[in-house]
Amino acid sequence: MTILHAGYPQPPNVHFGRLHHLVQHVNNSTIGGGGAAFHHLHHSSSTAAAATPILVGGGRGSFLTLEKKKKSGEEPRGGIEIGRGQSDERMMSNLALHRQRERDAYKDDEFSSSDESFDRPIQRYVGRDTDHVFGDFEMDDDGHQDAVMANGQLEEEETDEEDPVAELVPLGGGTRRVPRTPRRKNSSKCGFFDYYKLTDEHLGAGAYGSVTTCKSKTSGEEFAVKIVDKAGESHSRKRILREVNIFKKCKGNENIVQLLDWFEDDKNFYLVMEKMRGGPLLQHILQRGYFTEEEARRVTKDIASALKFMHDRGIAHRDVKPENVLCTDPNHVSPVKLCDLDLASQRPPQSERHLDEMVSEPDLASPVGSAEFMAPEVVDAFVGDALKYDKKCDTWSLGVILYIMLAGYAPFQGECDDRDCGWSEGQPCEDCQQDLFHRIQDGYYEFPSEEWGMISVDAKDLVSRLLKRDPVERYNADQILSHPWLQQSAPPTVLQTPSNLIYRKDSARDVQQMSEHFNLMNRLTDARLSARFDQKMTLNECVRDLETASIRDGSFLLGEPLGSFPSRKSVGIAIAKSRSGEFTPPISRASPTTPPPSMLDLTHDSPAPLSNDSGTFSLFSPASNASDEPIGSLPPAPFLFAEMPSIQLFGSGAVLSSVQMTPRHTTEDEASLKSFEEEQENTKPIRRIETQVNV
Ligand SMILES: Nc1ncnc2c1ncn2[C@@H]1O[C@H](COP(=O)(O)OP(=O)(O)OP(=O)(O)O)[C@@H](O)[C@H]1O
């Protein structure tokens, strides 16, 4: 019996893009998943699927239906099963377990609700928390999860238990606890600006959002709000929901930034967090100009505590780096808290994972994070070894941070023979990049006596326990916390860190800036790849899109014109920025040569070898005139990344073709942006050409 469960959290680590494949190849196995997964199967020509009886659960209502059937002794028609070859009993107990997890997830949920009195889970958005926690699920454009009824028809998820609440708006977080009863449905449509006002204080920016101080309209209290533009990527909702879920799991931990509220409107997501007044770690150290080993010890302890908390819950942060370590107090370096949970992933224990599921799991196999903080196994993934990495890469990254805190420079640095190479000034250099990768892979670093001579043996010992190439040997968070260096006060030795951060050419500050190339690229790669998986593009489709991409005067051409960006202020700003200064199209020093096979895994789409996957791009300056002379061209390579101040061109022969535009715009640009978006909607759809606007 092959059974499909739809509309309920799928068993961990089953990627629906693989569903068809798995069903075809694994007899009597089980696939859990959303309605779309069922749809996929139901419409497939797979004999396994065709022979499949139908009953498929759809969310909680269907679960109840199933329970009733079970009680009455009625055999489900087809049934639901979670786990391969399991009995009906087992299936029911697994479902009950999922159900319990779901209850637990809601139990202390300050974010949603005032409906505790009803003693029932609150549907915070259409699609359940657990769906996001346990893995991917497919949503339609409106974020609805489909449920599948006994007749096999797709239908919207049952909402008989309660009226659907306004989708995602607002979560009405813990601070005000906006009632979310059906009666209050419309009144819950309050937006971020009903409760907060933005200030001019810019706190930071990342690949997806900018972070600004906002003030509560009622109390005047200051918070930090991360504003994420919805236009940035096709599946931003899914990512935001995942981040919110991870934040929720980390609620109450004093070393993880707390999310207090979140909202959504037509344009943006708003994540309201506690404000970390002390700023990012290295910036704080630089500004103070004074840093001791004891302070480094405290910071390490805080980060290790945050990691322990996350790891104990099966969550890996995956982007531990100094910018994501924030100081609470402007006058003291500690306590610190980890922020930026958008790359964090929650994984079930290894024991619950099946081998084929692990292999086919692009999300967790995707390399994310920043170069200098990447653990060797992540670098392996970049250079083709495709090894898995998990929570232990967080402790590696902590090792890198600790090293930088103690010395003021990074343990692994790239170097080449070319004296004029601008690597240490942030310029790309393939040789330096390769050298950096090799050094990380070798795991070779030193403790130069000039800085390290005065640092305690215990501190160095902990560094060496963390910078272990083999993740098995590397300390985990528990071991870090019990290390002697963290058990008692460290010497009050004043470190050379601040001055090294300022004066060394290859300082961590440069490293940090340069690592952003990596970070951005990895994330976008990740996003594009998952978009590709979502869209179920075939290899051939990818290749067709790739011939030549050019950017001319704000128009994006890809083979034939797919659309153009109007010369509006919001875009104009970006172009104006690009015009300033001489532009040479760099190939990112950090770009990986090949995305790891585990990310691509195109073998199901086509047997074509990846070596044919090079695309050729001509890169035109937006300022170039009618002569249309390309100002530079990028050599064909499996993966390319070129960057202008605000426009990036991404391309790869087989993977994706995408032009990413990141104009900054101010609020007065919103009207023009809106009409730009409307215009886009009315013109020919621009496939895989996306704009990202960071407010
Ligand atoms: N709660 C906060 N208080 C103060 N500053 C913050 C806060 N959260 C984030 N920041 C600042 O904003 C920056 C960007 O935030 P964050 O990393 O969450 O955004 P992102 O778009 O997810 O970035 P990334 O590209 O690293 O993923 C941080 O490095 C930090 O400097």
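We count ligands from 1, going down the list as the structure has it; atoms in each ligand are counted the same way. Computed from a prediction, not measured in an experiment: that's the story for all the values here.
Side-chain atoms of Lys217 come within 3.5 Å of backbone atoms of Phe193 as a donor-acceptor pair (strictly under, hydrogens ignored). Under the 3.5 Å distance criterion, the side-chain polar atoms of His317 are matched with a main-chain donor or acceptor of Cys339.
A salt bridge does not link Arg298 to Glu295: none of the charged side-chain nitrogens sits closer than 4.0 Å to a carboxylate oxygen. A salt bridge links Asp340 to Lys226: one of the charged nitrogens lies within less than 4.0 Å of a carboxylate oxygen.
Among the candidates Ile227, Ile240, Val228, the single residue satisfying the side chain to side chain contact (heavy atoms under 4.5 Å, CB included) test with Asn268 is Ile227.
Taking every heavy atom of Asn324 and a limit of under 4.0 angstrom, the matching atoms of ligand 1 come to 17 (O). Near Pro280, the atoms of ligand 1 lying under 4.0 angstrom from a non-hydrogen atom of the residue are 31 (O). Within ligand 1, counting atoms from 1 as listed, the ones closer than 4.0 Å to a heavy atom of Lys226 are 16 (P), 18 (O), 19 (O), 20 (P), 22 (O). Less than 4.0 angstrom separates some heavy atom of Gly204 from each of these atoms of ligand 1: 11 (C), 12 (O), 13 (C). The ligand atoms of ligand 1 that sit less than 4.0 angstrom from a heavy atom of Glu323 are 28 (C), 29 (O). When each atom of ligand 1 is checked for a heavy atom of Val257 under 4.0 Å away, the hits are 1 (N). Taking every heavy atom of Ala224 and a limit of under 4.0 angstrom, the matching atoms of ligand 1 come to 1 (N), 2 (C), 3 (N).
How far OG of Ser397 is from CG of Leu467: 9.5 Å, rounded to the nearest 0.5 Å.
Using a 4.0 Å cut-off between heavy atoms, Leu203 contacts ligand 1 through both its backbone and its side chain. Contacts between Met273 and ligand 1 below 4.0 angstrom, taking non-hydrogen atoms only, involve the side chain exclusively. Contacts between Val211 and ligand 1, counted as non-hydrogen atom pairs separated by less than 4.0 Å, involve the side chain only. Under 4.0 angstrom from ligand 1, there are no non-hydrogen atoms of Arg277. With a 4.0 Å cut-off on non-hydrogen atoms, Lys321 touches ligand 1 through its side chain and not its backbone.
Looking at Glu243, His202, Glu274, it is Glu274 that brings a heavy atom closest to atom 1 (N) of ligand 1.
Of the polar atoms of Lys275, none of the N or O atoms is found under 3.5 Å from an N or O of ligand 1, judged by distance alone.
Defined by atom type and a distance below 3.5 Å, a donor-acceptor pair is missing between the side-chain atoms of Asp261 and Tyr270.
Heavy-atom contacts from other residues, nucleotides or ligands closer than 6.0 Å to CD of Glu254 number 12 or fewer.
Aromatic ring centroids of Phe263 and Tyr195 lie under 6.0 Å apart.
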